[in-house]
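To keep things clear, I will list the structure first and then write my remarks on it.
Residues: numbered from 1 along the sequence shown.
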Amino acid sequence: MEAVRKHYGILLASLAIIAAALPCCSSETTRRFQFNVEWKKVTRLCTTKQLLMVNGQYPGPTIAVHEGDNVEIKVKNRIAQNTTLHWHGVRQLRTGWADGPAYITQCPIRGGQSYTYKFTVTGQRGTLLWHAHYAWQRASVYGALIIYPRIPYPFSHPIQAEIPIIFGEWWNGDPDEIEKTMLLTGGGPDSSNAYTINGLPGPLYPCSNQDTFIQTVEYGKTYLLRIINAALTNELFFAIAKHTLTVVEVDAVYTKPFATTSIMIAPGQTTTVLMTANQVPDFTGMFVMAARPYLTSVFPFNNSTTIGFLRYKNARTWKGKSPVDPSSLRLHNLPAMEDTAFATKFSDKIKSLASPQYPCNVPKTIDKRVITTISLNLQDCPENKTCLGLKGKSFFASMNNQSFVRPSISILESYYKNLTTSSFSSDFPQKPPNNFDYTGVHPLTQNMNTKFGTKLLVLPYGTNIEIVLQDTSFLNLENHPIHVHGHNFFIVGSGFGNFNEARDPKRYNLVDPPERNTVAVPSGGWAAIRIKADNPGVWFVHCHLEQHTSWGLATGFIVQNGQGPSQSLLPPPHDLPSC
C-alpha cells in the first residue's frame with residue numbers, strides 16, 4: 001500500500017501547502033505559476049507509455065488563488081506538437097486572449113515556445129478546472145483550479161480538510177491518434193480503457209491494486225470534497241458507500257444546500273459537497289467510493305467502474321490486502337448506468353443560493369432568443385473514399401445543421417484587427433433551418449447531411465440573450481454537456497421532448513435558477529439558458545464530449561465593445577502566439 005499512499009498523499013499535501021500559503025489577499029496580489037507541457041513515462045493497466053502532462057504530474061498541479069487575484073501562468077511547450085491551455089469557467093473579463101481554445105482566442109503555442117496567460121479572478125469563488133484545449137490533449141492534461149473566497153464560506157460546518165476528487169479517463173493508446181483516425185475514416189472513436197480518480201483507476205482494472213486512491217478521514221469530522229469531471233467522453237455518477245453528500249456549490253457558484261446519496265456530473269462540471277465521516281466501518285476500516293458512466297448513447301462506450309476508498313483513521317483494520325472482490329464493492333447508492341430519472345431529479349435540485357450577499361442576477365427579460373438543435377449527423381461519403389461510419393458514411397455533429405470548422409488563424413485576432421479574411425462569418429442561424437419533431441424523428445431514415453462553416457453570433461455589449469439547446473434523435477437521443485466560454489449562465493428551464501416557445505417560458509424559474517458554465521442538456525429534451533453578454537471578445541460554445549466537438553458540435557459568439565475602456569477588450573499581449 002506504500003505506493004498508494006504516495007499517490008494520494010503527495011496530491012493532498014501539495015494542496016494543503018498551497019492553501020496554507022495563501023493569506024487573505026488584496027486585489028493587487030499576483031499569483032505566478034510555471035507550467036511545462038512535456039512527455040513523461042507512466043504505467044497504468046499493465047501498459048507503460050509516454051503520457052502528456054504538466055510539470056510531470058498526472059493529474060496536473062492544482063492552481064490555488066483567492067478571489068480578486070491577478071494570475072499569471074507561463075506555459076512552456078516542451079513537445080514537438082502544438083498546445084494550448086484553458087482555464088475552464090474563469091470568466092476572463094476583457095482578457096479573452098487568455099481563454100485558450102485553439103484558433104478561437106489564440107493560435108497554438110508551438111513546440112519550444114512559451115506563452116503567459118494573464119487574467120484576474122473577479123467575482124468568482126469555488127471549484128473550477130483547467131485543461132488543454134488542443135486536439136484531445138486534455139485526456140491527460142488537466143487539473144484543479146480553486147478560488148478561495150475573501151470571506152468565510154456561507155455554510156457553518158467546520159471543515160477538517162478539503163479534498164480534490166478529479167475524474168478522468170485512461171487510454172492504453174494515444175488519444176490524439178484516436179481522434180486523427182476517427183476524423184480520417186469517418187468512424188467512431190475507440191473507448192477509453194479505464195476511468196480514474198485523481199489519475200488512479202483502482203483495483204477493478206488489471207494491474208491496478210497499487211494505483212488506487214485512498215483518502216484517510218477521522219470519525220465525526222466534516223470534509224469539503226471538490227469534485228471535478230475532467231473525463232473526455234462521459235457523464236458520470238459518483239457515490240461513497242453509506243455516506244451522504246451535501247451539495248453546496250456547482251461550477252464555482254454557491255447553491256442552496258441539499259443532501260443526496262450520489263451525484264451526476266458532466267464533463268467540464270464541478271460539484272463541491274460536504275461529507276461527514278459518521279459511519280462505522282467494517283473490519284477493513286474502509287468504505288468504497290465509485291464513479292461510473294451515465295449512459296444515454298447507443299455508441300460503444302467504456303462501461304467500467306473506477307473505485308477508491310475512504311479509510312477511517314484509528315479504525316480496527318483487517319491485516320491484509322484491500323478487498324478487490326467486486327461482489328464486496330457494490331454501492332447500493334450508486335445509480336444504474338441508465339438512471340435518467342435520478343440524473344433529472346438531481347439536476348432539478350440544484351438552485352442558486354440567491355442570498356443578499358450572493359444574489360441570483362438572472363436576466364428577467366431578454367433581447368434575443370436563439371433556438372438551436374444539437375444533432376449528430378451522418379454525412380454522405382465522398383466519391384473514391386471509404387468511410388467507416390454507419391451505412392458507409394461519416395459521423396459529424398452540428399448546431400442548427402451547421403458543423404463548426406476551426407479556421408487556420410485565431411478568430412479573436414482576426415476580429416480585433418479587423419482583418420479581411422474568410423475565417424468566420426456572423427450569420428449563425430438563430431432558429432433550426434426546418435421545423436420537425438426534433439426528439440421523435442426516426443434516428444436513421446432522415447437526410448442527416450450537415451453544412452460546414454465557421455458561423456458565429458454577434459451581440460452588442462449588454463445583450464440579454466436566451467439560448468434554447470434542443471436535443472434531437474438523429475442517430476440517438478443523448479445528454480450533451482454544453483460549455484459556454486467567457487460567461488456564466490442561468491438554466492431557467494429544461495424538459496423532455498420539444499421546446500414549446502409559447503408554453504415553456506411560462507414555467508421558467510426566474511427566482512433562483514442554477515448558475516453554471518456547463519449545462520447537461522437532457523437526453524431527448526431541451527435546456528434554456530440566459531446570459532448577460534457583458535464580456536467583450538470571442539467566446540466558444542461547444543459540447544464537452546470531446547468526440548462531438550471534433551465532429552463540429554460547436555459555435556461561438558462575439559460580444560462587441562461597450563462604452564469606454566472598462567467595457568472594451570484589452571489589447572493582445574506582446575507574446576501572443578502566431579499561426
Side-chain angles (χ1 to χ4, degrees), residues 134-139 169 171-193 231-235 267 293-303 337-338 372-406 429 432-434 436-455 469-482 521 523-524 541-555:
Y134 183 87
W136 279 24
Q137 291 179 356
R138 76 173 181 89
E169 292 182 82
W171 276 263
N172 288 334
D174 181 353
D176 275 1
E177 290 301 317
I178 291 170
E179 186 204 26
K180 290 176 184 176
T181 300
M182 177 186 80
L183 296 178
L184 180 65
T185 64
D190 292 340
S191 300
S192 62
N193 297 99
L232 219 64
T233 63
N234 282 101
E235 298 91 345
Y294 167 40
L295 173 62
T296 63
S297 174
V298 299
F299 282 78
F301 74 106
N302 177 352
N303 66 350
M337 284 190 292
E338 297 178 287
T372 179
T373 53
I374 302 170
S375 302
L376 302 182
N377 298 82
L378 270 182
Q379 197 76 8
D380 292 337
C381 194
E383 293 184 9
N384 303 317
K385 180 180 178 180
T386 300
C387 297
L388 300 184
L390 191 66
K391 295 185 175 182
K393 299 185 178 185
S394 293
F395 292 121
F396 282 96
S398 64
M399 300 179 74
N400 274 350
N401 209 42
Q402 293 290 326
S403 188
F404 189 84
V405 178
R406 297 196 195 207
N434 298 296
F436 61 96
D437 183 3
Y438 305 117
T439 56
V441 68
H442 192 281
L444 295 176
T445 60
Q446 302 299 311
N447 179 352
M448 287 181 278
N449 286 284
T450 184
K451 297 179 179 180
F452 298 90
T454 311
K455 296 180 181 291
L469 302 158
Q470 173 70 64
D471 188 26
T472 70
S473 56
F474 286 162
L475 293 183
N476 67 268
L477 299 168
E478 188 166 357
N479 186 292
H480 294 274
I482 302 297
V521 179
S523 176
V541 179
H542 64 100
C543 184
H544 228 264
L545 301 176
E546 205 66 26
Q547 69 272 32
H548 293 177
T549 299
S550 298
W551 285 338
L553 209 167
T555 184

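In this structure, CG in Asn434 is found 8.0 Å from CG in Asn401, a value given to the nearest 0.5 Å. The distance from the CD atom of Glu546 to the CG atom of Asn234 is 12.5 Å, given to the nearest 0.5 Å. To the nearest 0.5 Å, the span separating CE on Met399 from CD1 on Ile374 amounts to 5.5 Å. In this structure, Trp551 CH2 and Leu545 CG are separated by 10.0 Å, a value rounded to the nearest 0.5 Å. To the nearest 0.5 Å, atoms CG (Leu376) and CG (Leu553) are separated by 7.0 Å. Separating the OG1 atom in Thr450 from the CG atom in Asn377 is a distance of 4.5 Å, to the nearest 0.5 Å.
Closest non-hydrogen pair, Ser375 versus Thr472, comes out as OG-OG1, 3.0 Å. The two residues Pro267 and Ala231 come nearest to each other via the heavy atoms CB-O, 3.4 Å. Shortest non-hydrogen contact noted between Leu469 and Val521 is O-CG1, 3.6 Å. Taking each heavy atom of Lys455 and Pro429 in turn, the nearest pair found is CD-CD, 4.4 Å.
Residues passing the ring pair (Phe, Tyr, Trp, His ring centres under 6.0 Å) test with His480 are His548, sequence neighbours excluded. In this view, Tyr294 and Phe237 satisfy the ring pair (Phe, Tyr, Trp, His ring centres under 6.0 Å) rule, not counting sequence neighbours.
Looking at Leu295 and Asn303, their side chains never come closer than 4.5 Å, going by heavy atoms from C-beta outward. Between Asp176 and Gln137 there is a side-chain heavy-atom pair separated by less than 4.5 Å. A heavy-atom distance below 4.5 Å is found between the side chains of Pro432 and Asn400. Taking the side chain as every heavy atom from C-beta outward, Thr439 and Leu477 approach each other to under 4.5 Å. With a 4.5 Å cut-off on side-chain heavy atoms, Pro175 and Pro189 do not count as touching. Residues Thr549 and His544 form no side-chain contact, since every pair of their non-hydrogen atoms from C-beta on lies 4.5 Å or further apart. Taking the side chain as every heavy atom from C-beta outward, Met448 and Leu475 approach each other to under 4.5 Å. Residues Phe452 and Phe404 form no side-chain contact, since every pair of their non-hydrogen atoms from C-beta on lies 4.5 Å or further apart.
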| request: Might you work through the side-chain contact (heavy atoms from CB on, under 4.5 Å) test for Phe396 and Leu378, ending with a clear yes or no? | output: CA-CA 6 Å; Phe396 282 96; Leu378 270 182; over 6 Å; no
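Between Phe436 and Tyr438, a ring centre-to-centre spacing shorter than 6.0 Å is recorded. Taking the six-membered ring for Trp and the full ring otherwise, the centers of Phe395 and Phe299 sit less than 6.0 Å from each other.
Between the side chain of Asn193 and the backbone N or O of Asn172 there is at least one donor-acceptor pair closer than 3.5 Å. Remark: side-chain polar atoms of Arg406 are not paired, donor with acceptor, to backbone N or O of Gly552 under 3.5 angstrom. Formation of a donor-acceptor pair under 3.5 Å by the Ser192 side chain with backbone atoms of Glu169 is not found in this model. Judged by distance alone, the side chain of Thr296 and the main-chain N or O of Asn479 form a donor-acceptor pair under 3.5 Å. A donor-acceptor pair under 3.5 Å links the side-chain atoms of Asp471 to the main chain of Glu478, judged by distance alone.
Residue Glu338 qualifies as open at atom CD: its count of foreign heavy atoms under 6.0 Å is 12 or below. More than 12 heavy atoms of other residues, nucleotides or ligands lie within 6.0 Å of NZ in Lys385, so this atom counts as buried by the packing criterion.
With hydrogens and angles left out, the side-chain atoms of Ser394 and Gln379 include no donor and acceptor closer than 3.5 Å.
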Residues 177-185 side chain polar contacts: donor-acceptor under 3.5 Å, at least two apart:
{"residue": "Glu179", "atom": "OE2", "partner": "Ser550", "partner atom": "OG", "Å": "2.8"}
{"residue": "Thr181", "atom": "OG1", "partner": "Glu177", "partner atom": "O", "Å": "2.9"}
{"residue": "Thr185", "atom": "OG1", "partner": "Thr181", "partner atom": "O", "Å": "2.9"}
{"residue": "Thr185", "atom": "OG1", "partner": "Gly187", "partner atom": "N", "Å": "3.2"}

